[in-house]
Amino acid sequence: MTDNSEKYVAAIDQGTTSSRCIVFNQDGAIVAVDQREHRQIFPKPGWVEHDATEIWSKVQAVVAGALAKAGLRAEQLSAMGITNQRETTLLWDRATGKPVHNAIVWQDTRTAALCNQLGGSEGQDRFREQTGLPLATYFSGPKAAWLLDNVPDLRTRAERGEIAFGTMDSWLIWNLTGGTDGGQHVTDVTNAGRTMLMNLETLQWDSSILSAMNIPEAMLPEIKSSAEVYGTALGQLAGVPVASALGDQQAAVFGQACYDVGTAKNTYGTGSFLLLNTGNRPVSSKSGLLTTMGYKIGSEAPVYCLEGSIAITGALVQWFRDQLGIIRTADEIEPLAASVEDNGGAYIVPAFSGLFAPYWRSDARGVVTGLTRYVTKAHLARAVLEATSWQTREVVDAMYQDSGVHITTLKVDGGMTKNNLLMQHQADVLDVPVVRPKVSETTCLGAAYAAGLATGVWNDLDELKAHWQKDVEWTPSMEASVRDREHHNWRKAVERSFGWEEDGDS
Ligand SMILES: Nc1ncnc2c1ncn2[C@@H]1O[C@H](COP(=O)(O)OP(=O)(O)O)[C@@H](O)[C@H]1O
Ligand SMILES: O=P(O)(O)OC[C@H](O)CO
């Protein structure tokens with residue numbers, strides 16, 4: 001039941017596989033959720049695209065769905081927040097509002113040769129000092145450059161100012177605030193920071209990188225903070241302030257109340273992303289992590305994070321389900337894995353898009369190793385789940401090397417955290433407790449919090465922190481000798497994935 005005196009804030013989470021809209025009340029509790037999937041388009045091996053028009057219509061549908069389930073009218077919302085899959089790159093025509101090409105998704109590896117070429121003699125580190133990022137296919141700048149080089153006439157039109165570039169936050173804000181009828185062309189620092197075009201110190205587009213990648217500044221959105229009113233919605237949300245934008249992983253940091261230096265969260269979805277709050281200064285990484293924005297609330301000082309990005313975790317469960325057909329639903333993996341004691345000696349390294357943190361090896365490809373006739377599908381189910389916890393262990397180790405921070409408790413969220421066997425294994429291989437909050441939809445919650453801060457629904461971070469409540473805790477119980485042996489085997493398996501792709505392109 002909704003209440004007339006209560007304030008409500010909604011958030012749209014435009015993710016890699018689906019879009020959802022969640023309405024929250026002032027206690028940060030969920031009032032209603034609606035969610036829809038969109039198509040994954042795979043034109044060639046290594047290429048992944050989304051139809052941005054389809055995404056916009058799914059977003060409109062989930063907003064309508066969530067409002068209907070909540071029994072609310074748009075005018076009862078105090079604000080709308082946006083959070084989104086990061087890096088996924090779209091160019092659209094400002095006059096017609098139509099995309100000029102499908103969006104190129106963060107997992108897409110078509111820019112491998114371009115990234116090698118851009119790196120030249122400096123290699124992956126060419127733009128690291130300004131952006132905190134290694135030159136990898138993951139980020140948006142090279143994807144935009146690829147589109148400008150491959151869609152006929154696009155560069156000329158972009159130079160004339162006819163084309164707009166955006167990650168999904170920009171696309172949604174532009175459409176929500178009117179589109180061709182005066183839509184706002186903006187992004188926030190967390191999303192801009194993943195383009196590889198923003199300077200981490202100035203929080204503005206970096207002209208030297210724009211010229212190195214041959215990107216016309218005329219097509220870029222204005223960079224704003226993560227929590228401020230960007231504009232007022234038209235259409236079904238008419239009158240609602242659009243008041244936050246955060247990349248989904250940064251939104252989860254915010255929703256998990258990781259406001260203190262040294263606090264961290266890991267979100268387990270298609271991939272997994274572990275972020276550690278490092279305070280108001282960027283900390284550079286020597287161990288294969290990204291230096292990235294955490295959030296920026298209005299005119300307050302920006303907060304930075306170190307991030308360990310893992311490309312494939314939940315997506316390996318999807319592959320096990322859809323490509324191998326061994327399970328029918330993702331939930332079936334847990335009883336299958338629990339039907340055996342251990343992995344039977346099998347390890348799976350899901351380097352489907354190369355390996356991200358801490359390796360950044362675009363030449364790696366997936367391997368299944370340690371096979372003998374003893375290995376069954378149940379052992380493989382274990383290996384699928386263990387691939388997630390070991391990849392996480394590697395980024396936790398890198399966090400320690402870079403920051404000296406020992407993560408003593410890991411806050412977790414995302415679709416995979418309902419898997420008890422996986423979360424227990426995660427606590428075991430990290431040898432620290434793993435905790436999940438009562439509201440595990442932390443991504444939407446973080447975007448709602450930021451939008452609510454910008455519009456006076458909540459006053460400050462202390463008020464938000466008080467909402468956080470523990471739901472489940474998994475405590476480590478693995479013997480150290482077993483952990484060490486398994487870690488050693490995992491490292492051997494990772495080594496075997498390197499160097500498979502030989503031509504530097506895909
Ligand atoms: N019971 C489960 N055990 C392991 N993985 C699961 C389970 N249920 C869902 N998943 C995985 O979690 C992912 C979905 O999580 P979600 O947080 O919705 O992801 P995203 O936001 O990236 O779309 C999928 O990749 C799916 O394979
Ligand atoms: O949509 P998700 O949850 O898979 O998150 C994707 C990340 O933002 C990619 O950087």
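Order of listing sets the numbers, starting from 1, for every ligand and every atom in it. The first residue of the sequence shown is numbered 1, and numbering continues consecutively from there.
- Salt bridge absent: Asp108 and Lys143 never bring a charged side-chain N and a carboxylate O closer than 4.0 Å.
- For a threshold of 3.5 Å applied to N or O pairs, the pair formed by Asp331 and ligand 1 contains at least one separation below that value.
- Each of the atoms 25 (O) of ligand 1 lies under 4.0 Å from some heavy atom of Ala315.
- Residues Asp402 and Ser285 have side chains that bring a donor and an acceptor to within less than 3.5 angstrom of each other.
- Across every non-hydrogen atom of Trp490 and Pro350, the tightest pair is CH2-CD, 4.4 Å.
- With respect to atom 26 (C) of ligand 1, the closest heavy atom belonging to the protein is Gly314 O, 3.9 Å.
- In terms of protein heavy-atom proximity, atom 19 (O) of ligand 1 is nearest to Gly269 CA, 3.4 Å.
- Within the structure, the ring pair (Phe, Tyr, Trp, His ring centres under 6.0 Å) test picks out the following pairs touching residues 335-357 (sequence neighbours left out): Tyr138-Phe356, Trp319-Phe352, Phe356-Trp360.
- Looking only at protein heavy atoms, the nearest one to atom 12 (O) of ligand 1 is Met416 CG, 3.6 Å.
- Here Lys44 pairs with nothing under the salt bridge (Lys or Arg N to Asp or Glu O under 4.0 Å) rule; sequence neighbours left out.
- Checked against a 3.5 angstrom limit, the closest N/O atoms of Gly271 and ligand 1 fall outside it.
- For the pair Ile333 and ligand 1, a heavy-atom separation below 4.0 Å is found.
- Looking at Gln318, His50, Glu49 one by one, the single match for side-chain hydrogen bond (donor to acceptor under 3.5 Å, both in side chains) with Gln40 turns out to be His50.
- In summary, the atoms of ligand 1 found under 4.0 Å from a heavy atom of Arg20, numbered by their order in the structure, are 18 (O), 21 (O).
- A side-chain donor-acceptor contact under 3.5 Å links Thr267 and Asp413.
- Around atom 25 (O) of ligand 1, the closest heavy atom drawn from Gln318, Glu441, Glu332 belongs to Gln318.
- Counting heavy atoms only, Thr270 comes closest to atom 22 (O) of ligand 1 of the residues Thr270, Val384, Leu422, Thr329.
- With ligand atoms numbered from 1 in the order given, ligand 1 contributes 1 (N), 2 (C), 3 (N), 6 (C), 7 (C), 8 (N), 9 (C), 10 (N) to contacts under 4.0 Å with heavy atoms of Ala330.
- Arg194 has a carboxylate O that lies under 4.0 Å from a charged side-chain N of Glu307, or vice versa, which qualifies the two as a salt bridge.
- Contact residues of ligand 2 (protein heavy atom closer than 4.0 angstrom to a ligand atom; sorted by chain and number): Gly15, Thr16, Gln85, Arg86, Glu87, Trp106, Tyr138, Asp248, Gln249, Thr270, Phe273.
- Between Ile215 and Phe165, every side-chain heavy-atom pair lies at or beyond the 4.5 Å cut-off.
- Nearest protein neighbour of atom 23 (O) of ligand 1, counting heavy atoms only, is Thr17 OG1, 2.6 Å.
- Protein heavy atom nearest atom 8 (N) of ligand 1, with residue, atom name and distance: Lys418 CE, 3.3 Å.
- Nearest protein neighbour of atom 14 (C) of ligand 1, counting heavy atoms only, is Gly415 CA, 4.3 Å.
- The shortest non-hydrogen separation linking Leu289 to Gly308 is CD2-CA, 3.7 Å.
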Side-chain donor-acceptor pairs of residues 61-68 under 3.5 Å, sequence neighbours excluded:
none

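- Closest to atom 4 (C) of ligand 1 among all protein heavy atoms lies Asn419 ND2, 3.6 Å.
- In this structure, Phe254 has its ring center under 6.0 Å from that of Tyr259.
- Ring to ring, Trp92 and Trp171 are close: their centroids are under 6.0 angstrom apart.
- The shortest N/O to N/O separation between Val317 and ligand 1 does not fall below 3.5 Å.
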From CA spacing to verdict: side-chain contact (heavy atoms from CB on, under 4.5 Å), Ile223, Trp205: CA-CA 8 Å; Ile223 304 175; Trp205 303 118; 3.5 Å; yes
